[in-house]
Engineer: 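Sending over a structure as structure tokens; questions will come in a sec.
Below, read A as the first sequence line, B as the second, and so on, with proteins coming before strands; counting in each chain starts at 1.
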Protein chains: 2
Amino acid sequence: MTSRTPRPRERGIPEATVARLPLYLRALHGLSERGTPTVSSEELASVAGVNSAKLRKDLSHLGSYGTRGVGYDVEYLIYQISRELGLTQDWSVAITGAGNLGRALANYGGFGTRGFRIAALLDADPAMVGHEVAGLQVRHIDTLEDVVAKENVSICVIATPAAAAQGVCDRFVGAGVTSILNFAPMVLNVPDHVDVRKVDLSIELQILAFHEQRKAGGDKGPEWVGALDQ
Amino acid sequence: MTSRTPRPRERGIPEATVARLPLYLRALHGLSERGTPTVSSEELASVAGVNSAKLRKDLSHLGSYGTRGVGYDVEYLIYQISRELGLTQDWSVAITGAGNLGRALANYGGFGTRGFRIAALLDADPAMVGHEVAGLQVRHIDTLEDVVAKENVSICVIATPAAAAQGVCDRFVGAGVTSILNFAPMVLNVPDHVDVRKVDLSIELQILAFHEQRKAGGDKGPEWVGALDQ
DNA sequence: TCCACTTTGTGCGTGCATTCACAAGGGCGT
DNA sequence: ACGCCCTTGTGAATGCACGCACAAAGTGGA
């Protein structure tokens, strides 16, 4: 048995915890800007919108950085979480697709603030090349491999139409990118060593619609079900 | 025993399943456009990027819509999933924030295609009001309550700066909206009966950075790499 | 020094999600 | 009609996530 070893064990930090660390980090930055020196798990959890026990368990995966009876030192915790997330170094990000979404992402302040630098904005449309967006000149998609190599890009964002996404993805992977944030409404096919995270606007809406229908419909089958049935 | 239970349609679909139904639906639409009449769980799972056993269990929550030895009828399954998600009716959606992101969302084709209609695009900036975006005139935020009432909006999208998000959220909730899709980088405070889904671009990047750092090996931080087993 | 108070870190029970593996069921060729 | 082969639907096992509740640990006051 033991056909194959599944994972190299993520240093013991659960995926669910990793997904919440950025939330805590944001809350801590808010406290830091207000000059708060320390914070209890109860307060921080409240700001971050989670259960305090969950927060303590999450933080315990990083180490024992709190002080019993006092709480957590805000600045120190910011540093520890930043380090764990890999934000103490700068990551070069390449965005593909200079359409509405791509431009919105390039202009999104949250990217540039801490840990991330937009190295390039690429597009396949020659008419778009050369336009300035968020202080960047749009470059042609053919320079993709150059950009990845020269700017040392390891994270890319795909904001192209669905039809172009897989092709762009393949080129990024071929160029050595191993982390992809995909906004195109489709499933990307990548090798095992590449991480893909998906942001899908219409899926989110459909999930909301499901719950909305349930709230409106309530207990019994809605009348239009019978009318439309087959 | 064949038709004695016409609709087992059991209420109580797991949340994880609901989140995947839109994925299946999209895959099925692709198959439908290619004229595929039936599909096996193995094929559909492959297209949707999930495990086939998981897909079958997901679909089994909707009812027994497959045929053993054959698979699932594509059109019929599209209808069943659409109905379950509440997409056989149209939902009016109001988008707040006509900045880069709001305009990108308004122009996003995926919204209008099936089940969703953008009823209004709102903004607080008087200079923005009246501009046409995606065939819609931007309206002032003060008309929010009017729009919600007249257009029967039950789902709203918040694409404002973080500082304005909670205020806009409160107004929507006060006007009767019970489902919110939040793009602002902050935690919204809402009553229990309101559903909020969060799309946070910088959080996704930070999660990628974490895994990217891990892949880069222990060459960066302290080397407690395999030592956290307890 | 000692005690009371505060807050962390975690053992543990519960419930959900995932995956395996297979019996039940249906089509199709002979 | 019959049996083979295919695929669904699901019991069962495993693992993960969450949250309660409490002991451990550190602070501050007397």
Engineer: Can you figure out which of D:dC18, C:dT18, C:dG9 approaches the side chain of B:Arg20 most closely?
Structural biologist: C:dT18
Engineer: Without decimals, in angstroms, what is the distance between B:Arg68 CZ and C:dC28 P?
Structural biologist: 17 Å
Engineer: Can you tell me the distance, in whole Å, between the CD atom of A:Glu15 and the C1' atom of D:dC16?
Structural biologist: 12 Å
Engineer: Within this structure, what is the NE2-to-P distance between A:His61 and C:dT10, rounded to whole angstrom?
Structural biologist: 9 Å
Engineer: Tell me: OH of A:Tyr65 to C1' of C:dT7, nearest whole Å?
Structural biologist: 19 Å
Engineer: Side chain of A:Arg56 only, please: which of C:dA17, C:dT10, C:dT18 is the nearest?
Structural biologist: C:dT10
Engineer: Testing the 3.5 Å rule here: is there a donor-acceptor pair between the side chains of B:Glu43 and B:Ser40?
Structural biologist: yes
Engineer: Pairing donors with acceptors under 3.5 angstrom, does anything connect the side chains of A:Tyr79 and A:Glu75?
Structural biologist: no
Engineer: Does OP1 or OP2 of C:dT8 have a side-chain N or O of A:Ser41 closer than 4.0 Å?
Structural biologist: yes
Engineer: Return the value, rounded to whole Å, for the distance between atom CG of A:Asn51 and atom C1' of C:dT8.
Structural biologist: 14 Å
Engineer: In terms of the nearest nucleotide of DNA chain C, which residue is placed more toward the 5' end: A:Ser40 or B:Asp58?
Structural biologist: A:Ser40
Engineer: Can you identify which nucleotide, out of C:dG9, D:dG11, D:dT8, has its nearest atom closest to the B:Lys57 side chain?
Structural biologist: D:dG11
Engineer: Say whether B:His211 and B:Arg214, considering side chains only, have a donor N or O and an acceptor N or O under 3.5 Å apart.
Structural biologist: yes
Engineer: Starting at the 5' end of DNA chain D and moving along, which residue's nearest nucleotide shows up first, A:Ala53 or B:Gly66?
Structural biologist: B:Gly66
Engineer: Could you state the atom-to-atom distance from OH of B:Tyr72 to P of D:dT7 in whole Å?
Structural biologist: 12 Å
Engineer: Starting at the 5' end of DNA chain C and moving along, which residue's nearest nucleotide shows up first, A:Ser64 or A:Gly69?
Structural biologist: A:Gly69
Engineer: Would you mind reading off the distance between B:Glu42 atom CD and D:dG9 atom C1', rounded to a whole angstrom?
Structural biologist: 14 Å
Engineer: State, without any angle test, whether B:Arg117 and B:Ser92 hold a side-chain donor-acceptor pair at a distance under 3.5 Å.
Structural biologist: yes
Engineer: Regarding B:Ser202 and B:Asp200, is there a side-chain donor-to-acceptor distance under 3.5 Å anywhere?
Structural biologist: yes
Engineer: Please report the distance, rounded to the nearest Å, between CG in B:Leu62 and P in D:dG9.
Structural biologist: 10 Å
Engineer: Report which part of the nucleic acid A:Ala16 touches: base, sugar-phosphate, or nothing (heavy-atom distance under 4.0 Å, all strands).
Structural biologist: sugar-phosphate
